[in-house]
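All remarks here apply to the structure that follows.
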2 protein chains.
Amino acid sequence: MVVRAEAEPPRRSGRPRRSTREAASGDPRSEILAAAGRLFAERGVGGTTMVEIARASGLRQSSLYYYFRNKGHVLEAIVVEANRVPLRMIEQVREAGGPAPVQLYRIIRADVAALSSLPYDLNEIHRLAGRDPETFTRYWEEREQLVDAVTQVIRAGIDAGELRQMHPRLAALTILSNDEGTQNWLRVAGGPTARDASATRAGLGGTHAIGGFLADLVVRGLLVDASTIDGVRQAADGLDATAVLDL
Amino acid sequence: MVVRAEAEPPRRSGRPRRSTREAASGDPRSEILAAAGRLFAERGVGGTTMVEIARASGLRQSSLYYYFRNKGHVLEAIVVEANRVPLRMIEQVREAGGPAPVQLYRIIRADVAALSSLPYDLNEIHRLAGRDPETFTRYWEEREQLVDAVTQVIRAGIDAGELRQMHPRLAALTILSNDEGTQNWLRVAGGPTARDASATRAGLGGTHAIGGFLADLVVRGLLVDASTIDGVRQAADGLDATAVLDL
DNA sequence: CCCCTTTTCGAGCCGTTATCGAAAGCTGCA
DNA sequence: TGCAGCTTTCGATAACGGCTCGAAAAGGGG
């Protein structure tokens, strides 16, 4: 079986579709991804069948395999974005400069918001990607970059004497997994009763506020002088107000 | 279809098994759970089939349904323990008394260790339980108790003027999800390369050390006077050294 | 006009969950 | 002794999901 390459050379000829629906936009590959993304978000990866994805993109089930080797590869194509959004954000924050604690504060707050606004549950992805590292090489590479970036910010803070002495990578991993953990209960919302994120937000504040709480907590815990947290928060607020991070 | 009740009235008669293996211990129900537990731990829930569970407990696939309505109920029966272990631990810590920050410190450190030593990945459970709240009622109830308990500890700390002013439930949720997040990367170990928890521990310390790091970070972030963290840690160390928490 | 390439489809294989009815023991009672 | 009823196990099979395969249905170039 040969799978249609990602970078498309020729196009459009072939046997006509039985269903004409959704022939709208350009290439089928993107349409499949769009449809799959919607469905994964709605019902989770495990809860979505290839037949459903096919129907939603105007194809028959078996035609999907012309574009993707299997279901995992459909997911992979969607999910590279999951790490890229936070990566871009961190880059922007680092370029903006400023003291390490302020950078860290902004990173944490924005990361929580970014992860929470992903249509799918990052934990599900994380698990699936863990079970099939071959398919998800890109995912793991970019996650590693994420850890590296945060590690460097922390190291800089330690060197500048602003952050306490600690194992920078351990701290980075802890922070990132905290962000993911927070995303997780924002999504599941602490129980089956209030399942969607908006319900949680109503009770406890938006993702910005909740991310802010986490950032406050963590950065304060890392600071050499905890009392400087107020200045850090104000600086972060100022920067986030002016330079809107485009996610 | 009638499922054999959980509390067993009569027992043992019926058609003999084709395979005699594993007729060892008492009731089949426990044997199934034991086997399923092992397999879930080894290959994850999704990666384990009912045929495998059956074979491992000396039965045929269809016989499992005499004891459990479906695969989800097998999982549910195993997984109630997931919340009970931390619950018992928190109770012990609270009974031991002492300042709220110390209690919190001990709770966080022990929770990370407890979650990490679970044979299965709590995140997978969390997700499955979220998708099927009916089956997992007990799970959610006990998780709610967990949140409540931590909330109360925090509230006590605030009232005593030891912890900063904050939304106690928000803080409790954040802390618990951080523990879960930490468990998550301890398990997946930051990437597909070093997949088992021991590999991670080798690099960054045991679950006790990593839990300690998180506890340090979080409690310090919550303290009114961050400089008291050293006393808190020492108190916690002392208590954990003497009164060994039985998990 | 016919062959080649591209795209799509239908049929079907295989593995998994779950159901159903029957088989195979045991127990107790006529 | 024999048989009726209960409990436990099994085999067959339905339903469904992922994935493969070979062929059909176009368009384009010689």
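Naming convention: chains lettered A, B, ... in sequence-line order (proteins, then strands); numbering from 1 in each chain. Here the structure is a predicted model, which means the values were calculated and not measured.
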Examine the base of dC10(D) for any acceptor or donor lying under 3.5 Å from a partner atom in the side chain of Q61(B), and report the outcome as yes or no. no
Can you find a donor-acceptor N/O pair under 3.5 angstrom joining the side chain of S62(A) to the base of dG10(C)? yes
Proximity to the side chain of Y65(B) - top-ranked nucleotide from dC9(C), dC10(D), dT17(C): dT17(C)
Could you check whether R169(A) pairs with E144(A) (Lys NZ or Arg NE/NH1/NH2 to Asp/Glu carboxylate O, under 4.0 Å)? yes
Mind checking T49(B) for me? I need base, sugar-phosphate or nothing, with any heavy atom below 4.0 Å counting as a touch. sugar-phosphate
S63(B) side chain, from C-beta outward: closest of dT9(D), dT7(C), dA24(C): dT9(D)
Using heavy atoms to find the nearest nucleotide of DNA chain D for G72(A) and R18(B) separately, return the residue whose nucleotide is more 5′. R18(B)
With the threshold set at 4.0 Å, does a side-chain nitrogen-carboxylate oxygen contact exist between E124(B) and R131(A)? no
Atom-to-atom span, CD of E52(B) to P of dG15(C) - whole angstrom: 12 Å
It should be established whether R17(A) places a side-chain nitrogen or oxygen under 4.0 Å from OP1 or OP2 of nucleotide dT7(C). no
Earlier contact from the 5' end, DNA chain C, for P16(B) and Y67(A): Y67(A)
What's the closest nucleotide to the K71(B) side chain, out of dC19(D), dT8(C), dA18(C)? dA18(C)
With the side chain defined as heavy atoms from C-beta on, S13(B) is closest, among dC19(D), dG25(C), dT7(C), to dG25(C)
Between dC9(C), dT17(C), dT7(C), which nucleotide has the shortest distance from any of its atoms to the side chain of Y66(A)? dT7(C)
First of R15(B) and M50(B) reached from the 5' end of DNA chain C, by closest nucleotide: M50(B)
Could you go through Q145(A) and E142(A), starting from their C-alpha distance and side-chain angles, then the distance that decides it, and tell me whether this counts as side chain to side chain contact (heavy atoms under 4.5 Å, CB included)? CA-CA 5 Å; Q145(A) 289 175 31; E142(A) 289 176 359; 4.3 Å; yes
To the nearest Å, give me how far apart CZ (R60(B)) and C1' (dA12(D)) are. 13 Å
